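Structure first, commentary second.
Just so we're on the same page: letters track the sequence lines, and every chain starts at 1. Since this is a predicted model, take the numbers as computed values, not measurements.
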Amino acid sequence: MLIALTGVNFPAPLVGLIVLFLLLLFNIINPEKLAPTSQLLIKYLPLFFIPVGVGFISHLTMIAEHIVLISLLLTVLPVIILLCVGKLAAKGKYRD
Amino acid sequence: MISILACALTTLLFLVTRKIYLTWPSPLLNPVLICIAMISVLLLISGVSYDQYFHASRPINWLLEPAVVALAYPLYQQFTYIKPVFALLTLCAFVGISLSTLIAYIICILLDAGDVLTSTMMALSVTTPITLLITESLGGLPSIAAAMVILIGVLGGVFGVYCLSLFNVTQPQAKGIALGVSCHAIGTAAAMEHHPLAGAFASAAMILSAMISAFWVPILFTILNHLNH
């Protein structure tokens with residue numbers, strides 16, 4: 001509803017996430033009451049995106065066509081991010 | 001009837017593969033990865049189209065959105081933990097996400113990927129359910145983005161800790177942050193196994209990245225598109 005009102009293209013579940021987080025943070029909702037439901041949902045969260053994940057089989061030709069691009073992104077991208085974020089995070093002071 | 005069968009099969013397969021994963025916790029045995037691979041092979045062999053399967057398994061898909069909302073709970077739980085290093089975590093997540101989107105965009109343009117595939121690759125540095133939502137809103141193909149994110153997670157889970165040691169990143173906290181930002185849930189699991197502190201920082205970094213990505217990736221994508229045209 002918030003999305004419909006503002007007209008901003010922003011995923012509704014994320015708005016829900018942020019609103020719920022703020023409600024918890026300001027003690028408007030009792031976290032203990034929320035715990036059983038949310039823990040159950042999160043435990044099975046990976047299951048819920050399997051049906052969408054299988055959808056790549058509808059795009060096999062496209063994947064084959066762009067296999068160089070895809071392999072490049074799969075390998076180069078995580079290495080660069082790991083290196084940069086790792087180096088940046090290493091500058092932090094941590095208490096052990 | 002078909003719907004019950006598809007849901008039951010998917011759920012059963014997930015429960016079995018998760019049991020296997022809990023017995024031998026290796027990133028290569030990631031339950032989602034194995035389930036997606038097995039169901040794909042099953043569909044291709046049996047000749048059932050993906051649309052038929054997706055239609056039949058929609059009840060599972062419906063639970064995705066409430067489950068994303070439920071992520072507010074662990075975020076709330078982590079919040080006291082995140083607070084003292086909030087600025088550093090935010091900076092790391094922001095830099096990681098921006099680099100990921102920027103580099104993916106440049107590679108896509110250089111290799112002539114086309115609009116749809118470029119939109120698909122914009123949110124690879126974030127946990128899968130959030131990737132799905134962002135990719136869909138950008139007009140990409142959520143299923144390919146999801147598969148990419150899971151594979152990146154598996155690669156990071158297998159080689160991430162070793163890679164960071166190679167780059168001379170030694171503190172477990174810093175390793176955790178890097179794994180959480182770049183390799184999401186699977187990287188976080190690997191970080192937890194490496195060191196409890198790495199695990200805690202990885203999961204905090206992952207959740208924070210999810211929030212920042214949701215706001216920032218669509219904006220950055222729009223900016224990049226403007227610059228390019």
Side-chain angles (χ1 to χ4, degrees), chain A residues 9-14 16-21 23-25 31 34-35 37-42 44-59 62-63 66 68-70 72-92 94-96, chain B residues 10 14 31-32 35-36 39-40 50 54 57 60-61 63-73 75-76 88 92 95-96 99-100 103-104 107 111 113 117 121 124-125 128-129 132-133 137 141-144 146-147 151-152 155-156 160 163-164 167 169 171 173-174 177-178 181-183 214:
Chain A
N9 190 9
F10 192 74
L14 284 169
L17 199 173
I18 294 161
V19 171
L20 184 59
F21 172 69
L23 290 175
L24 285 168
L25 197 64
L34 202 69
T37 326
S38 50
Q39 277 166 345
L40 186 73
L41 276 170
I42 289 164
Y44 291 103
L45 178 60
L47 167 66
F48 306 148
F49 54 75
I50 291 174
V52 183
V54 177
F56 81 92
I57 61 169
S58 312
H59 309 289
M62 189 186 217
I63 294 172
H66 295 280
V68 178
L69 170 83
I70 288 172
L72 206 62
L73 285 175
L74 278 179
T75 47
V76 173
L77 207 57
V79 174
I80 297 177
I81 311 295
L82 261 182
L83 173 65
C84 295
V85 176
K87 284 287 179 197
L88 184 64
K91 296 203 188 305
Y94 304 97
R95 275 169 287 158
D96 285 310
Chain B
T10 310
F14 175 72
V32 178
C35 281
I36 290 179
I39 294 171
S40 304
Y50 170 68
F54 184 71
S57 61
I60 294 180
N61 191 241
L63 288 166
L64 182 62
E65 299 200 347
V68 169
V69 178
L71 285 173
Y73 183 70
L75 176 65
Y76 169 76
L88 179 70
C92 288
V95 168
L99 271 176
S100 168
I103 296 168
I107 294 180
L111 293 182
L117 208 57
M121 303 305 177
L124 297 184
S125 199
T128 319
L132 292 178
L133 296 169
S137 77
L141 302 166
S143 61
I144 294 187
L151 286 173
I152 288 177
L155 283 171
C163 221
L164 284 165
F167 297 146
V169 176
Q171 305 102 310
Q173 294 94 331
I177 294 175
V181 170
S182 63
C183 308

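When A:A35, A:S58, A:G55, A:C84 are compared by the number of non-hydrogen pairs under 4.5 Å with chain B, A:G55 comes out ahead. Heavy-atom pairs under 4.5 Å with chain B were tallied for A:G92, A:P78, A:A90, A:G16; the largest tally goes to A:A90. Interface summary for chain B: among A:V68, A:L69, A:L34, the most heavy-atom pairs under 4.5 angstrom belong to A:L69. Contact tally against chain A (heavy-atom pairs below 4.5 Å) for B:S57, B:P129, B:P31, B:C163: the top residue is B:P129. In terms of heavy-atom pairs under 4.5 angstrom with chain A, the leader among B:I177, B:L99, B:I60, B:I107 is B:I60. Your options are B:L124, B:T128, B:V181, and the one with the most heavy-atom pairs under 4.5 Å with chain A is B:T128. When each of B:V68, B:I144, B:V69 is scored by its heavy-atom pairs under 4.5 Å with chain A, the top score falls to B:V69.
If you measure heavy-atom distances from B:S100 to chain A, the contacts under 4.5 Å come from both the backbone and the side chain. Heavy atoms closer than 4.5 Å to chain B are found in both the backbone and the side chain of A:L25. With a threshold of 4.5 angstrom between heavy atoms, A:I63 approaches chain B through side-chain atoms but not through N, CA, C or O. For A:L83, the parts lying under 4.5 angstrom from a heavy atom of chain B are both the backbone and the side chain. Heavy-atom distances place both the backbone and the side chain of B:F167 under 4.5 Å from chain A. For chain B, the nearby part of A:I42 is the side chain; its heavy atoms alone come within less than 4.5 Å. When heavy atoms are compared at a cutoff of 4.5 Å, B:Q171 approaches chain A solely by way of its side chain, counted from C-beta outward. For A:L72, the part sitting under 4.5 Å from any heavy atom of chain B is the side chain, from C-beta outward, and nothing else. Within the 4.5 angstrom heavy-atom criterion, atoms from both the backbone and the side chain of B:C92 approach chain A.
Note that the CD1 atom of B:I152 and the CG atom of A:L73 stand 7.5 Å from one another [nearest 0.5 Å]. Between the CG atom of A:L20 and the CG atom of B:L71 there is a distance of 10.0 Å, given to the nearest 0.5 Å. Atom CZ of A:F49 sits about 7.0 Å away from atom CD1 of B:I36, to the nearest 0.5 Å. Annotation: the span from B:S125 atom OG to A:I80 atom CD1 amounts to 11.5 Å, rounded to 0.5 Å. Between the CG atom in B:L155 and the CG atom in A:L77 there is a gap of 11.5 Å [rounded to 0.5 Å].
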Set out, in order, the CA-CA distance, both residues' side-chain angles and the distance that settles side-chain contact (heavy atoms from CB on, under 4.5 Å) for B:M121 and A:I70, then state yes or no.
CA-CA 9 Å; B:M121 303 305 177; A:I70 288 172; 4.0 Å; yes
side-chain contact (heavy atoms from CB on, under 4.5 Å) for B:L117 and A:M62? Distances and angles first, verdict last.
CA-CA 9 Å; B:L117 208 57; A:M62 189 186 217; 4.0 Å; yes
Determine, step by step, whether B:L63 and A:Y44 satisfy the side-chain contact (heavy atoms from CB on, under 4.5 Å) criterion, reporting the C-alpha distance in whole Å, the side-chain angles of both residues, the deciding distance to 0.1 Å, and the verdict.
CA-CA 9 Å; B:L63 288 166; A:Y44 291 103; over 6 Å; no
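Between A:P46 and B:V32 the shortest heavy-atom distance is CB-CG2, 3.3 Å. Residues A:L24 and B:Y76 approach most closely at O-CE1, 3.4 Å, considering heavy atoms. Here the closest non-hydrogen pair linking A:V85 and B:G96 is CG2-CA, 3.6 Å. Closest heavy-atom contact between A:F48 and B:A67: CD1-CB, 3.7 Å. Contact between A:V54 and B:S40 at its shortest, heavy atoms only, is CG1-OG, 3.8 Å. For the residue pair A:A89 and B:L88, the shortest heavy atom distance occurs at O-CD2, 4.3 Å.
Applying the side chain to side chain contact (heavy atoms under 4.5 Å, CB included) test between B:L64 and each of A:I50, A:L45, A:L47 identifies A:L45 as the sole match.
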